[in-house]
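Letters A, B, ... mirror the listed sequences (proteins, then strands); counts begin at 1.
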There are 2 protein chains.
Amino acid sequence: MKKHGGTTPNALLGLLSLGPMSGYDIRQLISQSIGHFWSESYGQIYPGLKRLAAAGLVEKKTERQKGKPDRHLYSLTVAGREHLRDWLKLPVVYEVPRSELLLKLFFGGQVSPAISREHVEAYLERHLGALKVYGAMTKALKRDHADDPALPYWLMTLSMGRHNSAAMVKWCRETLKELERFESPKKRRQ
Amino acid sequence: MKKHGGTTPNALLGLLSLGPMSGYDIRQLISQSIGHFWSESYGQIYPGLKRLAAAGLVEKKTERQKGKPDRHLYSLTVAGREHLRDWLKLPVVYEVPRSELLLKLFFGGQVSPAISREHVEAYLERHLGALKVYGAMTKALKRDHADDPALPYWLMTLSMGRHNSAAMVKWCRETLKELERFESPKKRRQ
DNA sequence: GGGTGCATGTAATGGGTTACATGATTCT
DNA sequence: AGAATCATGTAACCCATTACATGCACCC
């Protein structure tokens, strides 16, 4: 009978399960942890924490600091941890991923193949960069959290990133070869 | 100086570049063409076409039918085709893909590994199914649109789908093996 | 003096889905 | 009799980003 509202509040609960944090901390932490498959803006985080507190799923404690603004530290309550577990048990809701790149490529016949080639090249660069980041993150995690029981789960998400980016690099290279074949015949006949 | 607003209106223009269509037709066509990487609801399509018509990018012609409601056929104007081409030339805007599966997996330590295993199994099934669909679509496209100059572009989008799903299948199988290792030690010691 | 980091938050705006509303025809 | 298909469209609602607003401290 419970409502298991949007994914965002549950993501916040999940991050707070790693320890008490402020909204600001959450934003920083995201980029070092779930940043490659999730993002939240302050416009979601601050009002989200407020609502979670009103629902009794998190507790707020204010820490005074000199010079800097107060820190509002939020921590999971027992009810909050329970809520998080319940949500984790629910099946994952499938959504069609929207890819602007594929959309542009699908209609690539409307413009020169060089345009599509540029889009695919940019995509290739992105994934080559991502592969480096995943490698660095994997090393850092194994070094800094060797004893953490959650480590294997974190590594699994990085592993998906690697699998995905490696596949995309392969696709990009194949696709670039084909796009170049469209371009070159015209050049030859000039 | 032109505004190249949201992606949705441009997606509509792209689909109309394949020929005149009604809002209803567009919805049907999406599932057979760009459905694996794009979706639009009627709540976006009908108001979207209206706005495109007001901007002079599409033209509306009403076709009367007996028994059934009128069909509103939209077709690209010259300005509309120009607008589409301009948008295709703009670089693809990158957005962090949001994955609820990875989010749940990242916090998998909060629940039993069996939960995570179920999520990954469902994901595996999804991609095995997708691979079949991509195979069938590739065959059908090559058969029905052998002479279409846009065919290579359509095949490229399907190829990305295959690369992606194959990589996901591989990741799922590896991840399932590891999740099973977490489960079995407990059973042995029972 | 100016940029960056710390730290909070709101308001405006945009993007999108779902449910609702209508109504005839055709298939089971 | 009832469900599905054809065909249009609106309204309510949810989700999310961006820009704005504030203000001190520290470093160059």
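- With respect to the salt-bridge test (charged N to carboxylate O, under 4.0 angstrom), the residues B:K177 and B:E180 do not qualify.
- For the OP1/OP2 pair of C:dG16 and a distance below 4.0 Å, the side-chain nitrogens and oxygens of B:T8 include at least one atom meeting the criterion.
- Summary for the helix from C:dG1-D:dC28 to C:dT28-D:dA1: the axes at its two ends, each from 5 pairs, differ by 30° when rounded to the nearest 10 degrees.
- Side-chain atoms of A:R27 and A:I45, non-hydrogen and from C-beta on, do get closer than 4.5 Å to each other.
- Between A:Y42 and A:Y24, the ring planes lie parallel to each other; the angle is under 30°, not in the 30° to 60° tilted range.
- Side-chain contact between B:M156 and B:M160: absent, with no pair of heavy atoms (C-beta onward) separated by less than 4.5 Å.
- Distance CZ (A:R64) to C1' (D:dA25): 20 Å, rounded to an integer number of Å.
- Phosphate proximity of D:dT18 to A:S41: absent, as no side-chain N or O sits under 4.0 Å from OP1 or OP2.
- Counting only N and O atoms by type, the side chains of B:T138 and B:R162 include a donor and acceptor under 3.5 Å apart.
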Please tabulate the protein-to-nucleotide N/O contacts below 3.5 Å involving nucleotides 8-10 of chain D, giving atom names and distances.
unit_1 : atom_1 : unit_2 : atom_2 : d
D:dT8  : OP1    : B:H72  : N      : 3.0
D:dT8  : OP2    : B:Y24  : N      : 2.9
D:dT8  : OP2    : B:Y46  : OH     : 3.0
D:dT8  : O5'    : B:Y46  : OH     : 3.4
D:dT10 : OP1    : B:K50  : NZ     : 2.7

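- The aromatic ring centres of B:H127 and B:Y123 sit less than 6.0 Å apart.
- Less than 4.0 Å separates DNA chain D from no heavy atom of any residue of residues 26-39 of chain B.
- The separation between B:I45 atom CD1 and C:dG15 atom P is 16 Å, rounded to whole Å.
- Using a 4.5 Å cut-off on side-chain heavy atoms (C-beta onward), B:D25 and B:L73 make contact.
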Steps toward side-chain contact (heavy atoms from CB on, under 4.5 Å) verdict (A:L179, A:F182): CA-CA 5 Å; A:L179 285 169; A:F182 292 156; 4.2 Å; yes
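- Cation-pi geometry between B:K142 and B:W154 is not met: the NZ or CZ atom fails to fall both under 6.0 Å from the ring centre and inside 45° of the normal.
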